[in-house]
Amino acid sequence: MSATAPSDLRHAPGSLRPFKVGVGGFLLLGTAHLAFDAAAVWGEPTPQQEASAAALRASSVTLLGLERTTFEVVHGMSSAMALFVIACAVLALFAVRHSPALIERRTAFGWTLLAASAIGLAISALLLPPPPIIVLTVTSCAFALSLRRAAP
């Protein structure tokens, strides 16, 4: 690799820091969600939580010959989504470590993460409490700033 950088990439390193903040937000979101689920399972349920869990366990869904209670489906999907967010964040960190140009230039890679974050924010704003809304606002802004700072 040469000691001189192309002129269009001289200002691009500033795009890596906000990108890493966005990915860190994804990691925080996924791990916090798993921790919250674990605390709910291991904690002492309130009477309202017991009634809700009982109602979810009373109904079931059968799909492709597999029968699951609504409780199992909700908690299984929740855990799977949290693990998926963590995996995507780790893959993004590996990708940018091995190919920083994915972030230093405006590529579909950066746009895809911004879109995922913005869609997650919209869904969170409609359905979830403030913590994921705050985290996804930060991640969306970080990914947008990263793209703004990247070379065309």
Side-chain angles (χ1 to χ4, degrees), residues 1-43 49 52-53 56 59-66 68-152:
M1 183 165 198
S2 84
T4 59
S7 62
D8 61 341
L9 291 180
R10 285 191 186 142
H11 303 292
S15 63
L16 290 174
R17 180 171 286 155
F19 177 83
K20 289 178 181 178
V21 168
V23 171
F26 278 6
L27 286 171
L28 173 65
L29 186 67
T31 54
H33 185 81
L34 288 176
F36 179 75
D37 277 355
V41 168
W42 293 328
Q49 290 169 328
S52 176
L56 289 172
S59 65
S60 65
V61 175
T62 303
L63 183 61
L64 300 174
L66 293 173
R68 299 287 187 255
T69 67
T70 304
F71 182 87
E72 292 167 333
V73 171
V74 167
H75 287 284
M77 289 295 292
S78 178
S79 296
M81 290 295 106
L83 289 170
F84 183 75
V85 168
I86 293 169
C88 287
V90 170
L91 286 172
L93 287 175
F94 285 150
V96 76
R97 179 178 176 161
H98 294 288
S99 182
L102 288 171
I103 304 307
E104 293 167 346
R105 295 186 181 274
R106 290 186 193 123
T107 65
F109 185 76
W111 287 106
T112 300
L113 288 168
L114 174 59
S117 184
I119 291 167
L121 174 59
I123 293 168
S124 294
L126 292 172
L127 303 172
L128 299 175
I133 296 169
I134 294 166
V135 171
L136 288 166
T137 299
V138 171
T139 62
S140 296
C141 291
F143 288 135
L145 180 59
S146 176
L147 283 165
R148 179 164 167 57
R149 288 183 178 177

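The basis for the numbers below is simple: all heavy atoms, side chains too, and nothing from hydrogens, waters or symmetry mates.
For the pair A118 and S140, the tightest heavy-atom approach, listed with the atom from each and the gap, is N-OG, 3.5 Å. For the pair D37 and S79, the tightest heavy-atom approach, listed with the atom from each and the gap, is OD2-OG, 3.8 Å. Of all heavy-atom pairs between S146 and S15, the closest is OG-O, 2.7 Å. Heavy atoms only, all atoms of each residue included: A142 and V21 are closest at CB-CG1, 4.0 Å. Nearest heavy-atom pair, R106 versus L147, reported as atom, atom and distance to 0.1 Å: NE-O, 2.7 Å. When every heavy atom of L93 is checked against every heavy atom of K20, the shortest pair comes out as CD2-CG, 4.5 Å.
A heavy-atom distance below 4.5 Å is found between the side chains of V23 and F143. A 4.5 Å side-chain heavy-atom check between I86 and L34 finds at least one atom pair inside the cut-off. Taking 4.5 Å as the limit, every side-chain heavy atom of I134 sits out of range of all side-chain heavy atoms of T137. Side-chain contact between L145 and F19: absent, with no pair of heavy atoms (C-beta onward) separated by less than 4.5 Å.
With values rounded to the nearest 0.5 angstrom, L28 atom CG is found 12.5 Å from H33 atom NE2. Distance check, rounded to the nearest 0.5 Å: CG of L114 to SG of C141 gives 9.5 Å.
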Take I123 and L128 through the test side-chain contact (heavy atoms from CB on, under 4.5 Å) and record every step on the way to the result. CA-CA 8 Å; I123 293 168; L128 299 175; 5.6 Å; no
For side-chain contact (heavy atoms from CB on, under 4.5 Å), just list the numbers for L56 and T69, CA-CA rounded to whole Å, side-chain angles, deciding distance to a tenth of an Å, and then say yes or no. CA-CA 7 Å; L56 289 172; T69 67; over 6 Å; no
